[in-house]
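Remarks on the structure that follows.
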2 protein chains.
Amino acid sequence: MDPHLLRTFVAVARLASFSAAARELGYTQSAVSQHIAALESDLRTELLTRRPVAPTPAGERLLEHAGPLLLRLEAARADVLRLAAAPPGRVTVATSPLAVGPRLLSALPATGVTLRVLPPAQVPAVVAAGECDLGLVDGLAAPSDPLRLPDVAPLRVTGIGEEELAVLIPAGHPLAGRAAVRLDDLADARWLDAPGIGLAPAVRTAPALHYDGTDLHALCALAAAGHGLALLPLPVARAAPAGVAVPLVSPRLVHRTELLAPGAPTGAALAVAARLTGGPS
Amino acid sequence: MDPHLLRTFVAVARLASFSAAARELGYTQSAVSQHIAALESDLRTELLTRRPVAPTPAGERLLEHAGPLLLRLEAARADVLRLAAAPPGRVTVATSPLAVGPRLLSALPATGVTLRVLPPAQVPAVVAAGECDLGLVDGLAAPSDPLRLPDVAPLRVTGIGEEELAVLIPAGHPLAGRAAVRLDDLADARWLDAPGIGLAPAVRTAPALHYDGTDLHALCALAAAGHGLALLPLPVARAAPAGVAVPLVSPRLVHRTELLAPGAPTGAALAVAARLTGGPS
DNA sequence: CCCGGTTACGCTTGTCGTAAAGATT
DNA sequence: AATCTTTACGACAAGCGTAACCGGG
């Protein structure tokens with residue numbers, strides 16, 4: 001179960017070829033063959049069928065473990081390395097689109113910060129891997145409940161804000177005049193599915209349209225044009241250039257944003273983190 | 001970042017001694033020294049102070065990663081090995097005390113099952129490591145919300161039941177006559193803290209008494225005798241030999257129990273899992 | 001036949017143990 | 001002085017590459 005063997009195993013499984021994996025990893029075909037043979041003899045099981053190359057059931061199972069395992073290993077390495085390196089003045093912050101708000105903007109120092117907007121699902125991994133010093137993620141949660149994040153590595157999580165939710169409804173829609181809606185009212189509605197922005201997965205019904213970008217403006221435009229409803233934080237929905245923001249009152253959910261830090265942040269990152277957690281809302 | 005190096009690193013840190021770690025791991029002191037040196041040169045950082053042997057800040061950080069990492073690695077190995085081994089007729093089920101109820105008892109086949117009662121926090125690790133084929137955990141959650149479990153490994157989680165909560169109150173207590181209580185009513189109450197059984201950690205106030213066992217009967221006796229209140233599933237509290245069970249109506253929380261399975265359960269474990277998820281409640 | 005995975009074999013590298021040296025209390 | 005870690009060094013095994021081998025399309 002050497003990580004090197006695991007790494008070539010996932011490469012072979014992904015590429016469905018020993019030789020392609022060898023090229024990708026800078027080994028010879030022979031070495032890759034020996035790696036797989038070593039793994040299989042260690043576990044006393046066939047992990048791959050040859051010709052065609054495909055994982056056996058046991059191989060499938062190992063693949064489920066190997067990915068997170070290698071991710072954590074790399075994250076651990078990067079984390080310690082970053083801690084050891086002299087803290088540079090620059091701070092890079094990974095953030096999901098909806099976490100970019102007045103709070104973040106007022107907490108940023110005048111200079112020396114790089115912002116990296118990513119789909120919420122990728123933020124924890126990027127922070128864990130040490131590519132960014134801090135992370136901001138947002139999502140749906142019951143009031144004052146923490147978010148459910150994948151724990152790729154031990155990260156410090158701090159809640160830094162909660163907001164009401166609203167549904168962005170096109171102007172002509174029958175519900176557009178309501179002062180508030182319940183999710184039940186919208187049981188048959190068609191929702192926009194935007195994994196790059198978040199919030200949508202909470203709704204169970206079949207989505208009307210997939211949007212793969214991270215651009216909030218585009219999502220609002222789609223919603224206002226009637227391509228489907230969008231679930232957004234109330235302030236964001238209010239600020240949309242078109243469409244009507246109707247607060248969602250049931251179930252009691254809020255839009256929550258949290259700060260992720262690898263261990264205790266150091267140096268310049270610490271200052272930003274402090275302003276985010278303790279600073280003005 | 002070889003797992004072997006990591007393993008000796010945690011051993012050295014835990015024992016605060018190179019030579020003790022060497023004895024424990026079956027190496028010579030020299031080999032341990034070389035392991036640590038290899039890690040430190042790889043990460044280009046001091047991880048331990050010598051004389052006395054203690055982790056540096058970077059070492060502390062690495063320790064946080066190393067534990068879960070090694071656990072997952074071992075879990076992955078055990079999982080694949082177990083899948084590969086011919087499924088024996090015996091099934092072992094790890095369960096937290098409060099998950100043992102009529103549902104489980106009726107789902108068990110007449111023979112071939114070993115039950116292992118553990119504190120809820122240990123159940124996921126035991127299932128992940130393949131020591132048990134199935135796991136049952138219980139805990140507090142908002143209705144129809146999944147439990148928050150540590151993800152030591154990719155486990156299949158299935159909710160199999162939710163119950164109302166109740167507070168077990170000694171007979172003479174002022175609240176004993178109430179038809180229902182809110183958590184606010186009990187803000188100043190003293191709670192029993194029983195991590196081996198669960199549920200207590202949801203309450204924030206300082207506990208009156210720690211109970212480290214997993215025996216439900218003992219906990220009920222303590223509560224009935226006035227040593228502190230106990231938060232229990234309503235049916236369990238009702239069945240207590242003494243004390244009064246008062247339903248908890250606010251906040252809206254339920255006692256939830258979930259089934260953990262490593263990947264898809266196989267053979268005899270599958271049959272038990274099916275009866276637990278689909279069987280009579 | 002050709003493509004691709006396996007096996008054989010030599011070489012390099014890494015890893016462990018023994019033993020001597022160095023440091024710290 | 002005693003204890004514990006480090007360093008030096010030799011033996012052994014592991015891992016990789018070259019090259020020959022085989023099994024399917």
Side-chain angles (χ1 to χ4, degrees), chain A residues 1-60 62-63 66 69-70 73-74 77 80 84, chain B residues 1-60 62-63 66 69-70 73-74 77 80 84:
Chain A
M1 295 279 304
D2 186 317
H4 293 130
L5 306 187
L6 246 39
R7 197 168 58 103
T8 82
F9 173 66
V10 308
V12 171
R14 176 166 42 83
L15 300 170
S17 157
F18 283 53
S19 12
R23 275 192 298 278
E24 177 173 301
L25 299 173
Y27 288 129
T28 57
Q29 300 170 352
S30 166
V32 170
S33 183
Q34 292 175 47
H35 277 190
I36 303 299
L39 258 183
E40 290 184 329
S41 95
D42 177 31
L43 297 173
R44 267 173 272 283
T45 321
E46 285 249 303
L47 296 171
L48 294 168
T49 63
R50 331 291 151 109
R51 224 177 317 266
V53 174
T56 64
E60 293 276 10
L62 183 58
L63 276 176
L69 213 39
L70 293 173
L73 214 141
E74 192 185 349
R77 189 187 162 72
V80 177
Chain B
M1 294 277 305
D2 185 317
H4 293 132
L5 306 187
L6 244 40
R7 197 167 59 102
T8 82
F9 173 65
V10 309
V12 170
R14 176 165 44 83
L15 300 169
S17 156
F18 282 54
S19 15
R23 275 192 298 279
E24 177 173 300
L25 299 173
Y27 288 128
T28 57
Q29 300 172 352
S30 167
V32 170
S33 183
Q34 291 175 48
H35 277 190
I36 303 300
L39 258 182
E40 291 185 328
S41 96
D42 176 31
L43 297 173
R44 268 172 271 282
T45 320
E46 284 249 302
L47 296 172
L48 294 167
T49 63
R50 330 292 150 107
R51 231 181 306 274
V53 175
T56 63
E60 293 274 11
L62 183 58
L63 276 176
L69 212 41
L70 294 173
L73 215 144
E74 192 184 348
R77 188 185 163 73
V80 177

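Note on naming: letters A, B, ... go to the chains in the order of the sequence lines (proteins, then strands), and numbering restarts at 1 for each one.
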Pairing residues for A:A58 by the side-chain contact (heavy atoms from CB on, under 4.5 Å) criterion, not counting sequence neighbours: A:T45, A:L47, A:T56, B:V80, B:L83
Pairwise N/O distances under 3.5 Å, protein to nucleotides 23-25 of chain C:
from, atom 1, to, atom 2, distance (Å)
C:dT24, O4', B:R51, NE, 3.1

Strand contacts (DNA chain C) in residues 11-20 of chain B, 4.0 angstrom heavy-atom criterion: none
Pairs where residues 29-39 of chain A contributes a residue and the test salt bridge (Lys or Arg N to Asp or Glu O under 4.0 Å) is met, not counting sequence neighbours: none
Any residue meeting side-chain hydrogen bond (donor to acceptor under 3.5 Å, both in side chains) with B:R7, in chain and number order, not counting sequence neighbours: none
Could you pull out all residues at least two apart from A:S33 that satisfy side-chain hydrogen bond (donor to acceptor under 3.5 Å, both in side chains)? none
Could you state the CD-P distance from B:Q29 to D:dT7, rounded to the nearest angstrom? 14 Å
Applying salt bridge (charged side-chain N to carboxylate O under 4.0 Å, His left out), name anything that partners B:R44, two or more places apart in sequence or on another chain. none
Under the salt bridge (charged side-chain N to carboxylate O under 4.0 Å, His left out) rule, collect the residues that match up with A:E60, sequence neighbours excluded. none
Please write out the pairs of protein N or O atoms and N or O atoms of nucleotides 11-17 of chain D separated by less than 3.5 Å, giving the distance to one decimal.
from, atom 1, to, atom 2, distance (Å)
D:dC16, OP1, A:H35, NE2, 3.1
D:dC16, OP2, A:H35, NE2, 2.9
D:dG17, OP2, A:T28, N, 3.1
D:dG17, OP2, A:T28, OG1, 3.0
D:dG17, O6, A:Q34, NE2, 3.3

According to side-chain hydrogen bond (donor to acceptor under 3.5 Å, both in side chains), who are the partners of A:E40, at least two apart in sequence or on a separate chain? A:R50
Non-neighbouring partners of A:E46 that pass side-chain hydrogen bond (donor to acceptor under 3.5 Å, both in side chains), sequence neighbours left out: none
Using the test salt bridge (charged side-chain N to carboxylate O under 4.0 Å, His left out), find all partners of A:D2 that sit at least two apart in sequence or belong to another chain. none
